[in-house]
Chemist: 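My questions will all concern the structure given below.
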Amino acid sequence: MKNIPPETSPFFPRDREWHPPAFTPGYKTSVLRSPQRALISLEGTKSEITGPVFGHNILGEFDNDLIVNYAKPGEMAIGERILVYGRVLDERGVGIPGALVEFWQANAGGRYRHKKETYLAPLDPNFGGCGRTITDENGGYFFKTIKPGPYPWPNGVNDWRPAHIHFSVFGHGFAQRLITQMYFEGDPMIWICPIVKTIPDENAIKGLIAALDMQNTIPHDMRAYKFDIILRGRRSTFFENRKEGN
Amino acid sequence: MVQPLTYFKESASQTAGPYVHIGCTPNFSGITGVYETDLGSGSMVNDKTRGERITIRGFVYDGAMTPLKDALIEIWQADADGFYNSPSETRGKADPNFLGWARQPGDMATGEFVFETIKPGRVPFRDGRLMAPHVTFWIVARGINLGLNTRMYFSDEEAANAEDPILSRIEHRVRVPTLIGKREGNTVTFNIYLQGENETIFFDI
Ligand SMILES: [Fe+2]
């Protein structure tokens, strides 16, 4: 890891017109779970600009291979084999090294391995559905998995989720903490999904659609999808004129 | 034309969904054998951790006063001396026996979350004034489109709370108690209300 001095300035404000608002009645669960009063703005103090660091020692050998990390020895998960790769960057375009990226998804039939999941599609005995990795010195990451299937969910009587992978990402400050979802290029289900449609800005949605990248396929093995994740940028510290502790 | 400002936009948030446990606490969700333990689970404290042991417990309530049973809560806090265990902490070195971060799912049957931690020390605000001891909370769940940020202060810190630069500038004083965890013995109860008369103050951090 490059030895760059840690940054201590606050983050760019979050663009709340870009993110989904809390109250989105098309996604019914949000109705009773959306705060109704204005958020109170809090310019980053130490409590927001700092954040935990996770070392590569937490990772197991197959944490970033969902095809095998739950499979019985010698077996593999069923489905379209894909490589998902990209970089975790901040809004300045700076790669974020050491970022913990966690991901979870349904199996190829659109079924999650979870006690509360009721979809009739079968479980794959060799697929758990979770993985994680930590970005390299340039912010790069990758993992292997199978392409998740779309699935119906209780919202409207005929609402379906497009194929997607959930992502949880840590940056260097707790204020960068983000959960989002990755969609797949060309999927017509994206534009009719009530959860996707919580995002008001079409360009913001496009930013969550991974591109099929035939340059980075593994020949005779798997196709590649590129998915960059952008976290909040930090302000420049042209003037360190604020008194901060000591 | 002027030179373009080449900034990217933050990736738009999407809800953590009902199955956030699969990715963040797989052992809790019944997926065993992939990770040895769930990251951030268990006590935040070991024998050598400095500071006063406390237990934080509470529920996250929706607008119908029903506790969420699928929420995931993360906390981030300073050590007993007010230092964060982070490279961006430049004032001093934090207790090596205290990470300061933890993650707990609400109980699947009741929704209750529990953190075994220590009471944090005071951390300076941007202008150098001391903030009262507090724990930063981040809450995600199905139906929450963008993670919610709040803080828990402590009921046994009346004097420090009174001079806290964040608490003291909240216009609607009647809402301030929503940020105060109620301490009884070593247990601090902190319920989070997403809506209603007692809606918790959430911050745009
Ligand atoms: Fe999902």
Side-chain angles (χ1 to χ4, degrees), chain A residues 6-8 14 18-20 22 24 29-30 32-33 35-37 39-42 44-53 69-70 91 93 102-104 112-116 128-130 166 168 172 174-175 177-181 195 198-199 204 207-208 229-232 242-246, chain B residues 6-19 21-24 26 29-31 33-35 39 62-64 76 84-91 99-101 123-128 131 134 136 138 140-148 166 170 194-195 199 201-205:
Chain A
E7 295 188 282
T8 56
R14 226 166 207 156
W18 178 260
H19 288 286
T24 48
T29 312
S30 75
L32 282 175
R33 294 184 171 195
Q36 296 174 335
R37 307 197 189 188
L39 302 177
I40 292 186
S41 295
L42 196 168
T45 72
K46 279 281 177 212
S47 306
E48 290 77 34
I49 64 166
T50 56
V53 173
N69 72 9
Y70 191 79
E91 290 170 294
E102 298 163 291
F103 18 87
W104 65 100
Y112 283 97
R113 184 174 287 280
H114 194 280
K115 293 177 187 119
K116 294 186 177 174
C130 62
H166 296 264
S168 162
H172 292 171
F174 203 57
R177 198 76 183 79
L178 182 73
I179 279 187
T180 188
Q181 301 182 24
I195 286 177
T198 61
I199 301 173
L208 300 183
I229 300 159
I230 317 293
L231 301 182
R232 296 167 67 181
R242 291 195 199 85
K243 207 171 80 182
E244 266 208 276
N246 42 12
Chain B
T6 50
Y7 289 120
F8 294 105
K9 297 289 284 184
E10 185 185 13
S11 297
S13 174
Q14 290 271 260
T15 180
Y19 306 126
H21 310 115
I22 293 176
C24 294
S29 83
I31 297 174
V34 182
Y35 309 151
L39 196 65
D62 71 13
W76 173 239
Y84 282 100
N85 199 333
S86 165
S88 297
E89 174 59 270
T90 49
R91 297 166 302 133
L99 177 62
W101 173 85
V123 176
F125 186 58
R126 300 188 58 75
D127 60 8
M131 297 190 280
H134 64 274
T136 295
W138 181 75
V140 294
R142 176 173 65 98
I144 295 176
N145 289 327
L146 174 58
L148 298 170
I166 309 281
I170 291 170
L194 300 180
Q195 294 180 355
E199 181 178 310
I201 290 177
F202 296 104
F203 293 102
D204 188 8
I205 66 172

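Proteins get letters first, then strands, A, B, ... in listed order; numbering begins at 1 in each.
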Chemist: Can you tell me which portion of B:Y84 sits under 4.5 Å from chain A's heavy atoms? Options are side chain, backbone, both or neither.
Modeler: side chain
Chemist: Give, as side chain, backbone, both or neither, the part of B:V123 having an atom under 4.5 angstrom from any heavy atom of chain A.
Modeler: side chain
Chemist: Are any of the side-chain heavy atoms of A:I179 and B:W138 separated by less than 4.5 Å?
Modeler: yes
Chemist: Under the side-chain contact (heavy atoms from CB on, under 4.5 Å) rule, what do B:K9 and A:I230 come out as? Steps first, then yes or no, please.
Modeler: CA-CA 7 Å; B:K9 297 289 284 184; A:I230 317 293; over 6 Å; no
Chemist: Any Lys/Arg nitrogen of A:R14 or B:E10 sitting under 4.0 Å from an Asp/Glu carboxylate oxygen of the other?
Modeler: yes
Chemist: Taking every heavy-atom pair that is under 4.5 Å apart, which of A:T180, A:L32, A:L39 has the most such pairs with chain B?
Modeler: A:L32
Chemist: Using non-hydrogen atoms and a 4.5 Å limit, figure out which bit of B:L99 sits close to chain A: side chain, backbone, both or neither.
Modeler: side chain
Chemist: Any donor-acceptor pair under 3.5 Å linking the side-chain atoms of A:E102 with those of A:H166?
Modeler: no
Chemist: If you tally heavy-atom pairs under 4.5 Å against chain A, which of B:F202, B:W76, B:F203 wins?
Modeler: B:W76
Chemist: Count the heavy-atom pairs under 4.5 Å between each of A:R177, A:H172, A:Q181 and chain B, then report the option with the highest count.
Modeler: A:R177
Chemist: Is B:Q195 close to chain A through its backbone or its side chain, or both, or neither, when contacts mean heavy atoms under 4.5 Å?
Modeler: side chain
Chemist: Shorter than 4.5 Å, heavy atoms on both sides: which option in A:L231, A:T24, A:V53, A:I199 has the most such pairs with chain B?
Modeler: A:I199
Chemist: Under a 4.5 Å cutoff for heavy-atom pairs, which residue among B:Y19, B:W101, B:F8 has the most contacts with chain A?
Modeler: B:Y19
Chemist: Considering only heavy atoms and a distance below 4.5 Å, find which of A:G207, A:S41, A:A175 pairs most often with chain B.
Modeler: A:S41
Chemist: So, B:H134 versus A:S47: side-chain donor-acceptor pair below 3.5 Å or not?
Modeler: yes
Chemist: How close do B:N145 and B:S13 get, counting heavy atoms only, and between which atoms?
Modeler: O-OG, 2.6 Å
Chemist: Need one label for A:A204: side chain, backbone, both or neither, based on atoms under 4.5 Å from any heavy atom in chain B.
Modeler: both
Chemist: Could you have a look at B:L39, B:N85, B:I144, B:V140 and say which one has the most heavy-atom pairs with chain A under 4.5 angstrom?
Modeler: B:L39
Chemist: Would you mind checking which part of A:T198 comes under 4.5 Å of any heavy atom in chain B, side chain (CB onward), backbone (N, CA, C, O), both or neither?
Modeler: side chain
Chemist: Verify the distance criterion only: is there a donor paired with an acceptor across the side chains of A:E48 and A:T45 at less than 3.5 Å?
Modeler: yes
Chemist: So for B:I201, is it side chain, backbone, both, or neither that comes closer than 4.5 Å to the heavy atoms of chain A?
Modeler: side chain
Chemist: Do we see a donor-acceptor contact under 3.5 Å between the side chains of B:S29 and A:R113?
Modeler: no
Chemist: Where is the tightest heavy-atom contact between B:G23 and B:Y35, given as atom of each residue plus distance?
Modeler: O-CE1, 4.4 Å
Chemist: Start with the C-alpha distance between A:L208 and B:Q14, add both sets of side-chain angles, then the distance that settles side-chain contact (heavy atoms from CB on, under 4.5 Å), and finish with yes or no.
Modeler: CA-CA 10 Å; A:L208 300 183; B:Q14 290 271 260; 3.8 Å; yes
Chemist: Looking at B:G30, B:S86, B:G147, B:G100, which one has more heavy-atom pairs under 4.5 Å with chain A than the rest?
Modeler: B:S86
Chemist: Would you mind telling me which of A:I229, A:T50, A:N69 has the largest number of heavy-atom pairs within less than 4.5 Å of chain B?
Modeler: A:T50
Chemist: Do A:I40 and B:I170 pass the side-chain contact (heavy atoms from CB on, under 4.5 Å) test, and can you show the C-alpha distance, the side-chain angles, and the key distance before you say yes or no?
Modeler: CA-CA 8 Å; A:I40 292 186; B:I170 291 170; 4.1 Å; yes
Chemist: For B:P26, is it the side chain, the backbone, both or neither that has a heavy atom under 4.5 Å from a heavy atom of chain A?
Modeler: side chain
